[in-house]
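Model, not experiment: these values are computed from the prediction. Counting begins at 1 with the first residue of the sequence.
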Amino acid sequence: MPTTLQTIVFPVSQDPDVLPLYADSETWTKVGTRPIRLSNNASIDNVLSRSSAQVRAGQRVSFASYFNAFPAAYWQRWTVVTSVTLSLRTTGRGTIIVYRSNANGVPQRVASHQVSGSESTTFDLPLTSFSDGGWYWFDLIASTEDLVLDGGDWSTAAEPVQTGKLSLGMTTYNKPDYCVATLANIAENPALVAGIDRIFLVDQGTQKVRDEAGFDEVAAALGEHLQIIEQGNLGGSGGFSRSMSETLEREDTDFLLLLDDDIEFETESALRALQFGRFSREPVIVGGHMFDLLDKPVMHAWAEVVRPDPFMWGPSFEEQHRHDFRNRNLRQTKWMHARLDSDYNGWWMCMIPKQVIAEIGLALPVFIKWDDAEYGLRAKAAGYRTVSLPGVALWHVSWLDKDDSQDWQAFFHTRNRLIAGLLHSDRPKSGKLLQNSGRQDIKKLLNMQYYATQLAVDGMRAVLRGPASLHDDISRDMPAARGRAKDFPETRVYRPGDPETPVSLGGRALPELAEKPKGPTGIRLALFTLRMVPQHWRRATVPEGEQPGLEYAKQGAHWWQIPHHANVIVGAADGSGKMWYRHDRAKFRRLLRESRSLSKQIEKNWDALSAEYRAALPQMTSVEEWRKTFEGR
């Protein structure tokens, strides 16, 4: 009996923005290097149901799309599957053409079949020549009448390596509406519910999910599959570690799928991740991609890595960042056909085999930031790889309207990056990590972001204290970081109607309408820093009550422009108001001294600190240590 690996699915929301993720127009051309759509035969009006769609008479639609093509290279590389069967059920007259691509994105015709009436068609397709990349997909061409795709799937006759079920771990803090919607979405997918052992919803907020409208109905629908766990706010690392701990107690669970709370969920993705895990030759972490919830065809990144020299996360190359499938779908994006390997996957959606959790432990007790990247690096060191699997994804609230490097999370950005580096960097004295981190502090100081710099300084002090207090401090670090804000006036957001809102003498700088300019790099950056740091060191503190000289929109307030001002207004990242940045000589001097001094201490003691953190890692991430934290220690 064949096992379904992927089902052909369509959006039922009637949202035309997401259609490019499910189906693609056939007719394209190029002007220069840019693909241009000549006609669009794929329409949201042609989606008939979750599993069916029609192609109008005389038209052609390709399913070389994110959710409906088959990522053959990933299945060949990581699983025991050596061939797949594409099965399609159609009504009407037309032609099915099956294509494959190679790692360079070159399409190659594989097979075709003419259909009429109600017909079931299968294509047996080998997975033997995709080592570096490539996909399978199919096109439907309607004849003189409409051609309806009644359903389809990609399946295999291979036997899975593991057959256990999936548990889900959702962590939330005051997003009960999102959680209830996600639970309802899961409950509406019978195939997914059948594959689930337990859903651990770890509620760490004050607005309880159990009190949200609609919760009782969805809880009744999910029955014993759903388990609500309420605990104090221990951040993402604490919430996900609780799910990991609970999963280790489930005999029927082989995999844990971590999900963030502020998401919309493509439930078919969870089934695909589960099947990929079941058929993997060796246990692999299966990550899902993140699309922008407010701009749904846009993807955050395809494959993320931690670059070893600066020890910084990010996409493996820049073109992946915020890829828009409206402009370039699978067939028009050459790099998307290469198989790309990841160091880690964000925990907005990430499936971890229970075997991996049992061997390498739970998350680091770091509240937020770097817990997912560190876990991926720790798993890699233990011989377990991460696969960010195409066709597995959700929609998540993006970070475009946030700047968490400037708010209370700045503490965790610095501290947790350094801790992850101490645990996993193979570069002497951290490589360029401390140099890069120090440059970030100087950049913040020159931009009069003293609060963020203070938190970075606090983070370095915490690193020097060693790993012993991480569990004790996990519930206190965030309130302490937020509490620092009262001493830094630039953290205040002046909202419309506030009578104290400052007015700039020079008005508002023109917003940028063209492409974002590039800042100084290389020798120009060095000269810029050598010029601006002494200026800020000598510059007098802006007197109380002095009006700002100019106002900038957030997107125009570049880090190399703001240092030329001593008193300036900048729009808040979320558009809610304005923030007032004023030079403070005492803070600038103190924080620059402290940042440089602490960085030198960490560099001097890097080897000893690294040995200390690495020795403490097994205990820090153990179930026993985390249980003390869950229980309030």
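With respect to the salt-bridge test (charged N to carboxylate O, under 4.0 angstrom), the residues Arg50 and Glu266 qualify. Electrostatic pairing of Asp295 and Arg326 counts as a salt bridge here, judged by a charged N lying under 4.0 Å from a carboxylate O. For Glu246 and Arg250, the salt-bridge test fails: no basic side-chain N is under 4.0 Å from an acidic carboxylate O. Note on Lys208 versus Asp211: no salt bridge recorded, every NZ/NE/NH1/NH2 to OD/OE distance being 4.0 Å or above. The pair Lys175-Asp177 does not count as a salt bridge, with every side-chain nitrogen at least 4.0 angstrom from each carboxylate oxygen. Using a cutoff of 4.0 Å between basic side-chain nitrogens and carboxylate oxygens, Arg627 and Glu631 are not scored as salt-bridged.
Using modelled atom types, no side-chain atom of Asp252 and backbone atom of Asp197 make a donor-acceptor pair closer than 3.5 Å. Proximity of a side-chain donor or acceptor of Thr7 to a complementary backbone N or O of Val9 within less than 3.5 Å is not detected. In this structure, Thr333 contributes its side chain and Leu330 its backbone to no donor-acceptor pair below 3.5 Å. Between the side chain of Ser622 and the backbone N or O of Gln619, at least one donor-acceptor pair lies under 3.5 Å. Distance alone, capped at 3.5 Å, places no donor-acceptor pair between the Trp313 side chain and the Arg417 backbone. In this structure, the side chain of Ser245 does not engage the main chain of Ser241 through any donor-acceptor pair within 3.5 Å. With hydrogens and angles disregarded, no donor-acceptor distance shorter than 3.5 Å links the side chain of Thr79 to the backbone of Ser280. With Asp343 contributing its side chain and Val305 its backbone, the two residues share no donor-acceptor pair below 3.5 Å. Although no hydrogens or angles enter the test, the distance criterion places no donor-acceptor pair under 3.5 Å between the side chain of Asn416 and the main chain of Trp370. The backbone N or O of Thr386 sits nowhere less than 3.5 Å from a side-chain atom of Lys380 that would complete a donor-acceptor pair.
Side-chain contact between Arg89 and Leu149 is absent, with no heavy atoms from C-beta onward closer than 4.5 Å. At least one side-chain heavy atom of Arg77 sits less than 4.5 Å from a side-chain heavy atom of Arg339. For the pair Asn233 and Met478, the minimum side-chain heavy-atom distance is below 4.5 Å. Residues Leu362 and Tyr375 have side chains not in contact (no heavy-atom distance under 4.5 Å, counting atoms from C-beta outward). Looking at heavy atoms from C-beta onward, Pro176 lies out of side-chain contact with Phe215 at the 4.5 angstrom threshold. Between Trp75 and Val84 there is no side-chain heavy-atom pair separated by less than 4.5 Å.
The CD atom of Glu188 lies 11.0 Å from the CG atom of Leu183; values are rounded to the nearest 0.5 Å. With rounding to the nearest 0.5 Å, the separation of NZ in Lys486 from OG1 in Thr491 is 10.5 Å. Taking OG of Ser398 as the reference point, atom CZ of Arg322 lies at 5.5 Å (rounded to 0.5 Å). Put simply, CE on Met170 and CD1 on Ile229 are 12.5 Å apart, with the number rounded to the nearest 0.5 Å. To the nearest 0.5 Å, the span separating OG on Ser237 from CH2 on Trp347 amounts to 7.5 Å. Atom CG of Leu168 sits about 9.0 Å away from atom CG of Leu258, to the nearest 0.5 Å.
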Stepwise salt bridge (charged side-chain N to carboxylate O under 4.0 Å, His left out) check, Glu224 with Arg198: CA-CA 8 Å; Glu224 64 179 10; Arg198 188 60 58 97; 5.6 Å; no

Trace of the ring-ring contact (aromatic ring centres under 6.0 Å, His included) decision for Tyr22 with Phe63: CA-CA 7 Å; Tyr22 296 85; Phe63 294 88; over 10 Å; no

Lys554 and Asp574: CA distance, side-chain angles, deciding distance, salt bridge (charged side-chain N to carboxylate O under 4.0 Å, His left out) verdict: CA-CA 9 Å; Lys554 176 65 177 178; Asp574 63 359; over 6 Å; no

Gln275 vs Arg278, side chain to side chain donor-acceptor pair (under 3.5 Å): CA-CA, chis, key distance, verdict: CA-CA 5 Å; Gln275 296 295 57; Arg278 284 173 168 171; 3.2 Å; yes

Test log, rule side chain to side chain donor-acceptor pair (under 3.5 Å), inputs Thr629 and His471: CA-CA 7 Å; Thr629 301; His471 271 283; 2.7 Å; yes

ring-ring contact (aromatic ring centres under 6.0 Å, His included) between Trp137 and Phe70, intermediate numbers included: CA-CA 6 Å; Trp137 68 85; Phe70 187 79; over 10 Å; no

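For the pairing with Tyr384, the side chain to side chain donor-acceptor pair (under 3.5 Å) check across Glu282, Glu359, Arg378 returns one residue only, Glu359. The one candidate from Trp348, Tyr66, Trp302 that meets the side chain to side chain donor-acceptor pair (under 3.5 Å) condition with His289 is Tyr66. Results of the salt bridge (charged side-chain N to carboxylate O under 4.0 Å, His left out) test with Arg415 over Asp458, Asp477, Asp371 single out Asp477 as the only residue that passes.
Annotation: cation-pi geometry not satisfied between Arg484 and Tyr451 (NZ/CZ under 6.0 angstrom from ring centroid, within 45° of ring axis).
Looking only at atom types and distance, the side chain of Asp260 has a donor-acceptor partner in the side chain of His396 under 3.5 Å away. No hydrogens or angles considered: a donor-acceptor pair under 3.5 Å links the side chains of His413 and Asp404. Using modelled atom types and a 3.5 Å distance limit, the side chains of His424 and Glu374 yield a donor-acceptor pair. Counted by atom type alone, Asn189 and Thr267 present one or more donor-acceptor pairs between their side chains at under 3.5 Å. For the 3.5 Å distance criterion, the side chains of Asn345 and Ser388 qualify, holding a donor opposite an acceptor. Counted by atom type alone, Ser316 and Gln320 present one or more donor-acceptor pairs between their side chains at under 3.5 Å.
For Gln227, the CD atom sits in a packed shell: over 12 heavy atoms of surrounding residues, nucleotides or ligands are nearer than 6.0 Å. The 12-atom threshold is exceeded at CD of Gln14, counting heavy atoms of other residues, nucleotides or ligands nearer than 6.0 Å.
Annotation for Asn174 and Thr206: closest pair OD1-N, 2.7 Å, computed over non-hydrogen atoms. Scanning all heavy atoms of the two residues, the minimum distance from Phe279 to Leu5 falls at CE1-CD2, 3.8 Å. Minimum interatomic distance between Gly169 and Phe240 (heavy atoms only, all atoms of both residues): O-CE2, 3.6 Å. Among all heavy-atom pairs drawn from Met460 and Leu418, the shortest one is CG-CD1, 3.8 Å. Heavy-atom minimum distance, Val80 versus Ala158: O-CB, 4.4 Å. Closest heavy-atom contact between Ala379 and Val356: CB-CG1, 4.4 Å.
For an aromatic pair to be called close, the ring centres must be under 6.0 Å apart, and Phe276 with Tyr74 fails this. Taking the six-membered ring where the residue is Trp, the centroids of Phe630 and Trp626 are separated by under 6.0 Å.
Ring pair Phe412/Trp408 is perpendicular by interplanar angle, where above 60° counts as perpendicular and below 30° as parallel.
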